[in-house]
There are 2 protein chains.
Amino acid sequence: MSDCAQCVVRNRAICSGLSPEELLALGQKGRKQTVKRGQTLVWEGDDSLVVANVISGVLKLSVSTADGREQIVGIVFPSDFIGRPFGKESPYSVTALSDAEVCVFHRSTFDQFAREHPELQHKLLQRTLIELDEARQWMMLLGKKTAEERIATLLIRISERLSADGCTGPLLNLDEFELPMDRQQMADILGLTIETVSRQLTRIKSSGVIALPDRRRVVIHDRQALLDLAEAA
Amino acid sequence: MSDCAQCVVRNRAICSGLSPEELLALGQKGRKQTVKRGQTLVWEGDDSLVVANVISGVLKLSVSTADGREQIVGIVFPSDFIGRPFGKESPYSVTALSDAEVCVFHRSTFDQFAREHPELQHKLLQRTLIELDEARQWMMLLGKKTAEERIATLLIRISERLSADGCTGPLLNLDEFELPMDRQQMADILGLTIETVSRQLTRIKSSGVIALPDRRRVVIHDRQALLDLAEAA
DNA sequence: CGCCTTTCTTGACCTAGGTCAATGATAGGA
DNA sequence: TCCTATCATTGACCTAGGTCAAGAAAGGCG
């Protein structure tokens, strides 16, 4: 792989904290790969052969029932880690929502390297714990929140995540951004239908809290009001 | 703490894999504590001061909205780990569903010990990854499954978990067991109301797939049929 | 620039599951 | 053992959100 020391996600991905020598050693085991929008990198139930860091783009993690219902169980942004280390089957699919670049490793190679480098393993643990916390917050949303609360929560979360991505500071709370997904995908994240998503967005727009200049663009006019709509964090 | 080498969850908890000396060192930092049914060990939002292993009993992890809606985001059985290492706030409450015994550590003490013992950290990572997979399966249930599918899934999961607990082999799939929770708690796990839980249980009972000899007891008469009701895993 | 495909919005209607309220069971405690 | 405080079930009714079916906007692409 090309020079990890120059990597744009160098300071935020799990590789941060590795010594220059370790970074080099890990870098030699990985390779950069581009993924086209819509392309699936890992299939649910398949042998988990690769893990990766996201360099650019946005991907979804999803699980499906036998009869085709799909639930998106995670959205992955640049600097996030994807794949299931230390386990032979992937419990979900990983699919690109936009064109993306990832830095891929063979799972077994990565597993071995991680076991030999406690600092890397620690980073991975920290990240997994955070993901678990987030998954549990989302369980609350899916189990107990109304459609309007769900939409408001999603908009807040995406705006936070996208602004954190700028990496210029803690959180500057982007008030205008591009949705990295279409309406159907929003519905699959929120446990709703596309029609309900559409209706609730129009409702919130009509109240003046947000504007929707085009399909993908969102402008938050009154963040506090949106937070109130989202209820508890 | 008393002798870890004699601990009933010795081979299943994260302490498994530690050398006798390490086990002793860790054991000296912890203490055994009993928790009464209904008692809350950790409050959502509070400083995360303790972590623990569950020795006996069953506990719930829950998060609440400002207006009092509660979602149970995890059920914890003997040999499971509780608490949020490497993070200062607990994102959920931990409450005993039955009287329980836990083996408690100060979080900071535990964090330090874990960082010095990669094997322990690895066990913790493995466990966290499994919990994350389970949380995501549950997101599918909460986002897309019908009430009947939810109930069937819960019954299957509990029976599997309780039989694994016997620790006599891989999975013997207990066909008769005691629910470690009441109807309201089932509802809070499944994102339903107590009435819907009750109605669906009666429905499944009427179809002959299960029997309910008393409030807590469940007998699975036709496991395959129950699996079919639960749809996809 | 118009055509076609896909995506999004909106409306009319329906239903799974929620709400409210009454009744029935059970477990402890005196 | 009876009494009382839960806890669970059942029924009648309601509503948030799902379903089905038109339209209306955007993109692409020749």
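Because only heavy atoms are used, hydrogens play no part in the values below, and waters and symmetry mates are left out as well, while side chains stay in. Convention: sequence-line order gives letters A, B, ...; per-chain numbering from 1.
Side-chain atoms of Asp133(B) and Gln137(B) include no donor-acceptor pair closer than 3.5 Å. Remark: the Thr128(A) side chain and the Glu131(A) side chain contain no N/O donor-acceptor pair separated by less than 3.5 Å. No donor-acceptor contact under 3.5 angstrom links the side chains of Ser90(B) and Ser48(B), judged on distance only. Ser56(B) and Glu101(B) share a side-chain donor-acceptor pair at under 3.5 Å.
Taking five base pairs at each end of the helix from dC1(C)-dG30(D) to dA30(C)-dT1(D), the local helix axes there meet at an angle of 40°, rounded to 10°.
Closest-nucleotide positions on DNA chain D for Glu148(A) and Glu195(A) were compared, and the one nearer the 5' end corresponds to Glu148(A). Taking the nucleotide of DNA chain D with the nearest heavy atom to each of Ala147(A) and Pro213(A), the more 5' of the two is matched to Ala147(A).
A ring-centre distance under 6.0 Å is found for Phe81(B) and Phe110(B).
dA8(D) atom C1' lies 13 Å from atom CG of Leu179(B), rounded to whole Å. For the pair Ile194(A) CD1 and dT10(C) C1', the computed distance is 13 Å after rounding to whole Å. Rounded to whole Å, the distance from CZ on Arg69(A) to C1' on dA16(C) is 13 Å.
Of all heavy-atom pairs spanning Leu142(A) and Gly191(A), the tightest one is CD2-N, 3.8 Å.
With dG18(D), dC7(D), dA26(D) as the choices, the nucleotide that has an atom nearest any side-chain atom of Arg215(A) turns out to be dA26(D).
Contact check, Thr202(B) against dT9(D): no side-chain N or O comes under 4.0 Å of OP1 or OP2. Put simply, Arg199(A) has no side-chain N or O that comes within less than 4.0 Å of OP1 or OP2 on dG17(D). Distances shorter than 4.0 Å separate none of the side-chain N or O atoms of Ser198(A) from OP1 or OP2 on dT10(C). Residue Thr193(A) places at least one side-chain N or O closer than 4.0 Å to OP1 or OP2 of dG18(D).
With hydrogens and angles disregarded, a donor-acceptor distance shorter than 3.5 Å links the side chain of Ser163(A) to the backbone of Ser159(A).
Counting atom types as modelled, Arg183(A) pairs no side-chain N or O with a base atom of dT7(C) as donor and acceptor under 3.5 Å.
Across all strands, Leu201(B) comes closer than 4.0 Å to no nucleic acid atom at all (heavy-atom distances).
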